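Taking it in order: structure first as structure tokens, then the write-up.
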Amino acid sequence: MQRRSFTCFALAGALFAFLATAEAAETIRQWQFARKGDGLELALRDVAAPTPAAHEVAVRVRAVSLNRRDLMMVAGNYGGGTQPNTVPLSDGAGEVIAVGSAVTRFKVGDRVAGIFFEDWLDGAPTAASLATARGGNSGGMLSEVVVTDAEGLVSIPQHLSYEEAATLPCAGVTAWVGLFKRGGLTRGDFVLLEGTGGVSVFGLQLAAAAGAKPIITSSSDAKLARARELGAFGTVNYRSNPEWQQQVRALTGGAGVDQVLEVGGQDTLPRALQALAFGGHVAIIGGLSGFASDVPVGTLMGLNATASGIYVGSRSDFEALNAFLSEHQIKPIVDKVFEMEDAPAAFAAMDDGEFFGKVVIRL
Ligand SMILES: NC(=O)c1ccc[n+]([C@@H]2O[C@H](COP(=O)([O-])OP(=O)(O)OC[C@H]3O[C@@H](n4cnc5c(N)ncnc54)[C@H](OP(=O)(O)O)[C@@H]3O)[C@@H](O)[C@H]2O)c1
């Protein structure tokens with residue numbers, strides 16, 4: 001009698017465990033932007049597990065990284081507005097767990113990352129392809145599973161972990177495009193990088209690997225010491241040296257820098273131009289101090305300089321970056337890693353500026 005009731009109990013337990021597993025498999029967790037007063041906050045929600053259509057792939061996301069843009073979205077000051085109930089973050093990497101019947105690009109088990117603009121594959125962008133930026137309005141990556149068109153993924157370099165690969169889609173591609181595709185960087189070029197955030201530290205690593213001479217600024221001497229370990233040719237503290245552009249120029253022997261990744265915006269652009277060499281190139285990328293810069297027409301003409309507007313890049317740019325990273329065995333700098341449940345703390349860490357390179361969340 002006692003044995004029979006034990007057996008029934010065990011069977012009921014097994015059934016319960018099976019049902020619980022089946023139920024768990026049908027839902028996934030994802031963070032979403034949620035309405036809070038006039039603004040937005042982050043909310044962790046259970047949603048139905050997505051399944052891929054014929055041309056789509058399901059990715060078990062293992063890591064995501066943050067960009068300045070993501071903070072602007074929560075704060076409600078990112079251009080175009082951010083819709084509630086959408087998933088944050090453009091950047092993520094993981095493994096393929098299911099493919100649609102028409103997919104040949106990937107198979108289950110492949111290690112992949114999402115491209116920043118899901119539909120910008122090659123060549124110049126279009127209005128339509130630029131409308132497919134992930135995170136915010138087009139589905140973001142801060143989700144245990146993401147289903148996406150198979151064309152909107154790239155394979156990640158073998159030598160990178162998921163945490164490292166998750167840093168590539170926005171900051172890595174932007175630095176690559178600014179320096180190589182648009183800037184035509186060559187060995188020996190002096191390169192100016194502003195601050196030690198995601199784009200600039202990628203710029204430092206890429207420039208150093210290409211035999212260029214990166215000069216980087218920071219508000220922190222400790223961060224500048226880390227930058228020297230990564231191959232910085234010169235470093236300048238922009239807080240203790242408000243006229244930092246003079247020191248940058250002096251570091252080039254007076255000739256000026258050949259390349260700038262301009263991420264600072266209205267406070268830095270005029271100074272960066274004072275440090276620019278004749279024939280130099282400025283990649284116009286960011287507005288950490290605000291975007292309200294005037295185009296300095298006379299200065300650009302006088303220097304015979306080129307300024308390029310950069311908006312991340314295409315899938316083929318991402319693939320070119322990956323080939324370069326593999327060739328030079330470059331590992332992105334992941335400074336802080338948070339668990340999925342602690343996503344708001346990752347946003348706060350990005351906001352306080354006490355990081356070097358990238359902030360990542362593990363899923
Ligand atoms: N156009 C595009 O496609 C594109 C792509 C990516 C990013 N962006 C933009 O580019 C900018 C940089 O992005 P990110 O993701 O690299 O930023 P990030 O990682 O958040 O960079 C933050 C760091 O920038 C430095 N910084 C802040 N204000 C500065 C200033 N006034 N002058 C010099 N350095 C300053 C600080 O470095 P220290 O602590 O060392 O002082 C800070 O820690 C943002 O405006 C972002 O929106 C644009």
Side-chain angles (χ1 to χ4, degrees), residues 65-73 77-80 90-91 115-117 120 124-125 130 133-136 167-185 189-207 210 212 214-219 227 238 244-245 248 257-276 280-296 299-300 305-314 317-318 320-321 324 332-333 350 353 355-359:
S65 81
L66 276 70
N67 293 287
R68 187 74 12 199
R69 164 183 187 262
D70 305 309
L71 296 188
M72 294 164 75
M73 286 191 178
N77 55 16
Y78 190 73
S90 55
D91 293 9
I115 59 175
F116 184 87
F117 296 105
W120 184 10
L130 291 189
R134 292 185 202 274
T167 66
L168 303 175
C170 180
V173 174
T174 301
W176 166 266
V177 169
L179 290 178
F180 295 96
K181 184 177 180 184
R182 307 292 285 281
L185 180 138
D189 277 359
F190 286 105
V191 179
L192 171 60
L193 305 152
E194 300 168 345
T196 58
V199 174
S200 297
V201 171
F202 266 115
L204 167 63
Q205 292 180 281
L206 297 174
I215 299 171
I216 190 162
T217 68
S218 176
S219 57
Y238 65 82
W244 50 266
Q245 73 280 4
V248 170
V257 294
D258 306 289
Q259 309 275 346
V260 181
L261 294 189
E262 220 304 305
V263 298
Q266 62 195 32
D267 288 354
T268 56
L269 177 61
R271 294 182 191 283
L273 289 174
Q274 289 175 39
L276 190 66
H281 173 255
V282 183
I284 306 286
I285 293 170
L288 287 165
S289 62
F291 284 92
S293 311
D294 290 329
V295 179
T299 308
L300 290 173
T306 313
S308 304
I310 310 282
Y311 194 6
V312 194
S314 65
D317 297 325
F318 197 163
L321 166 68
F324 188 88
I333 305 302
M350 183 90 186
F355 65 94
F356 179 94
K358 296 296 291 181
V359 174

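The model shown is predicted, which means the values in this text are computed figures rather than measured ones.
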Just so I know, are the side chains of [X] and [Y] near enough to count as touching, which here means a heavy-atom distance under 4.5 Å?
X: Asp294; Y: Leu269; result: no
X: Val191; Y: Asp258; result: no
X: Ser200; Y: Leu261; result: no
X: Val282; Y: Thr306; result: no

Any side-chain to backbone donor/acceptor pair from [X] onto [Y]? Under 3.5 Å, distance only.
X: Arg182; Y: His281; value: no
X: Lys181; Y: Trp176; value: no
X: Thr196; Y: Ser218; value: no
X: Arg134; Y: Ile115; value: yes
X: Ser289; Y: Gly264; value: yes

Using every non-hydrogen atom in the two residues, find where [X] and [Y] come nearest and quote the distance to one decimal.
X: Pro125; Y: Trp120; result: CD-CZ2, 3.3 Å
X: Leu321; Y: Gly172; result: CD2-C, 3.5 Å
X: Gly203; Y: Ala175; result: N-CB, 3.8 Å
X: Cys170; Y: Asn67; result: CB-ND2, 3.5 Å

Roughly how far, to the nearest 0.5 Å, is the [atom2] atom of [Y] from the [atom1] atom of [X]?
X: Ile216; Y: Leu204; atom1: CD1; atom2: CG; result: 5.0 Å
X: Ser90; Y: Arg69; atom1: OG; atom2: CZ; result: 5.0 Å
X: Ile215; Y: Trp244; atom1: CD1; atom2: CH2; result: 11.0 Å
X: Leu273; Y: Leu192; atom1: CG; atom2: CG; result: 10.0 Å
X: Thr167; Y: Leu66; atom1: OG1; atom2: CG; result: 12.0 Å

Quick test of your reading: applying side chain to side chain donor-acceptor pair (under 3.5 Å), list the pairs with at least one residue in residues 262-273, sequence neighbours left out, ordered by first then second residue.
Glu194-Thr268, Glu243-Arg271, Gln245-Arg271, Glu262-Thr268
Please name the residue in the list Thr174, Ile333, Leu168 that meets the side chain to side chain contact (heavy atoms under 4.5 Å, CB included) test with Phe202.
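Considering Thr174, Ile333, Leu168, a side chain to side chain contact (heavy atoms under 4.5 Å, CB included) with Phe202 is found only for Leu168.
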Worked verdict on Gln259 versus Phe190 for side-chain contact (heavy atoms from CB on, under 4.5 Å):
CA-CA 6 Å; Gln259 309 275 346; Phe190 286 105; over 6 Å; no
Evaluate the criterion ring-ring contact (aromatic ring centres under 6.0 Å, His included) for residue pair Phe318 and Phe116; output intermediate values, then yes/no.
CA-CA 9 Å; Phe318 197 163; Phe116 184 87; over 10 Å; no
Indicate the ring-plane relationship of Phe117 and Tyr311, choosing parallel, tilted or perpendicular according to the 30° and 60° boundaries.
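It falls in the perpendicular class, over 60°.
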Trace of the side-chain contact (heavy atoms from CB on, under 4.5 Å) decision for Val257 with Leu276
CA-CA 5 Å; Val257 294; Leu276 190 66; 4.2 Å; yes
